[in-house]
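Okay, structure first, notes after.
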Amino acid sequence: MAASTAVPVPSSAPSAASALARVPRFWRLLPTPLGAPFTFGYTLLLVATSVFAEYADPDLVLALLQGSSTDVEHLARSPLLVLVASALWIAGGMTSAYALAFLFVLTALERRVGALRTAAVFFGGHAVATLATELPVGAAVALGYLPADSLQRLDYGISFGVMTCTGALAGLLPVWARWPLLGGVTWFAVTNLRSGRHVWTQPCNGRLRGVSPCTPPPVGSACAGR
C-alpha cells in the first residue's frame with residue numbers, strides 16, 4: 001500500500017510580519033499604542049490641554065498657566081507639582097515647532113530605547129534644565145541684577161524635554177543622520193534667540209522662556225512659554 005504524502009496548503013491569511021512590512025515606513029514615524037505607548041499617550045494628553053487652552057475661558061486658562069508656571073516663587077513653594085504641571089502645556093499650540101518635534105523625536109527615541117527610558121530622559125531633561133535656568137534668576141534677583149517681578153514670570157512648556165530627547169536620539173543615530181539633526185536643532189535655537197520671537201522686552205522685560213503675568217500674552221502664542 002503506497003504511503004500518502006500530505007501536500008501543504010498555502011495559507012490565505014498573510015503573516016503578521018508580512019503585513020507589517022507592507023505598512024508605509026512614514027507611518028512608523030508616528031506613535032502607536034503598541035510601538036510607542038508613552039509618546040502616544042502623552043500626545044493625546046497634550047492635544048487635550050491644547051484644545052482646552054484654545055477654547056476654554058481665557059481667565060481660567062491664564063489662572064491654570066500661572067499655577068503651572070515653573071517660576072522661582074512656584075518652584076520654592078511646590079516644586080514637584082509645577083515641574084509636572086508645566087509639562088502639560090505646549091507654548092505655541094499644536095502646530096508649533098516643538099509640538100511637531102515632540103511627535104517625531106520621542107517616537108523615534110522610544111522605538112529604540114523603550115517607554116520608561118524615554119520618559120526618564122524627557123522629564124529628567126525638563127526638570128534639570130528648568131532648575132538650571134530658574135536658580136540663576138533667583139540669585140540675580142537676590143543680588144539686585146533683576147527686578148523682583150522676575151520671580152513670577154510665566155514659564156511652562158515641553159521644549160526642554162524635547163531638546164533633551166533630541167540630543168539622546170542623536171547619540172543613537174548613525175553619523176550621516178546625527179550631524180544634520182544636531183545642526184538643524186542648533187540652527188533653530190540660534191534663529192529663535194536672534195529673532196527674539198520668545199522675548200517680550202516691554203513693559204516687563206520678559207525672558208526667553210516666558211513672560212511676566214502683568215502683560216499676559218494670548219494663549220497659544222509663541223511668547224507664552226517655552
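We number each residue from 1, following the sequence as shown.
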Candidate pair I90 and S96, rule side-chain contact (heavy atoms from CB on, under 4.5 Å), full reasoning: CA-CA 8 Å; I90 305 176; S96 69; 3.6 Å; yes

Spacing of I158 atom CD1 and F123 atom CZ [to the nearest 0.5 Å]: 10.5 Å

E110 side chain to F38 backbone, donor-acceptor under 3.5 Å: yes

Single-linkage hydrophobic cluster W187~W176, side-chain heavy atoms < 4.5 angstrom: no

Side-chain donor/acceptor of T186 to backbone N/O of L182, under 3.5 Å: yes

D155-T70 side chain donor-acceptor pair, cut-off 3.5 Å: yes

Spacing of OG1 belonging to T130 relative to CG belonging to D71, to within rounding of 0.5 Å: 11.0 Å

Linked, directly or transitively: L135 and V128 (ILVMFWY side chains, under 4.5 Å): no

4.5 Å side-chain heavy-atom contact, L169 and R112: yes

Chi angles and distances behind the side-chain contact (heavy atoms from CB on, under 4.5 Å) call for T107, L29: CA-CA 7 Å; T107 298; L29 300 176; 5.7 Å; no

Intermediate values then yes/no, side-chain contact (heavy atoms from CB on, under 4.5 Å), T32 and T39: CA-CA 8 Å; T32 61; T39 306; over 6 Å; no

Under 3.5 Å, which donor-acceptor pairs link side chains of residues 140-148 to any protein atom two or more places apart or in another chain?
none

Set of residues satisfying side-chain hydrogen bond (donor to acceptor under 3.5 Å, both in side chains) with respect to T166, sequence neighbours excluded: none

Partner of L64 by side-chain contact (heavy atoms from CB on, under 4.5 Å), out of L60, L62, V61: L60

Between OG on residue S86 and CZ on residue F160, distance to nearest 0.5 Å: 10.0 Å

Minimum side-chain heavy-atom gap M94-V51 below 4.5 Å: yes

Whether Y42 and F102 hold their rings parallel, tilted or perpendicular, with breakpoints at 30° and 60°: perpendicular

Exam field: side chain T118 to backbone L106, donor-acceptor pair closer than 3.5 Å: no

Straight-line distance of R117 CZ to C165 SG, nearest 0.5 Å: 14.0 Å

A99 to G93 - nearest heavy-atom pair and separation: CB-O, 3.7 Å

Any donor-acceptor N/O pair, S78 side chain to L81 backbone, under 3.5 Å: no

Closest non-hydrogen atom pair, A168 against V121: CB-CG1, 4.0 Å

Evaluation steps, ring-ring contact (aromatic ring centres under 6.0 Å, His included), between Y98 and F188: CA-CA 10 Å; Y98 283 117; F188 175 75; 5.3 Å; yes

Closest non-hydrogen atom pair between V175 and P180, with its separation: O-CD, 4.2 Å

Side chain proximity check, L88 to Y156, heavy atoms < 4.5 angstrom: no

With H74, the side-chain contact (heavy atoms from CB on, under 4.5 Å) member among V82, L151, L83: V82

ILVMFWY cluster, V47 and Y55 together (side-chain gap under 4.5 Å): yes

Backbone of L46 reached by a side-chain donor or acceptor of T49 within 3.5 Å: yes

Aromatic ring pairing F122/H126, orientation class (parallel under 30°, perpendicular over 60°, tilted between): parallel

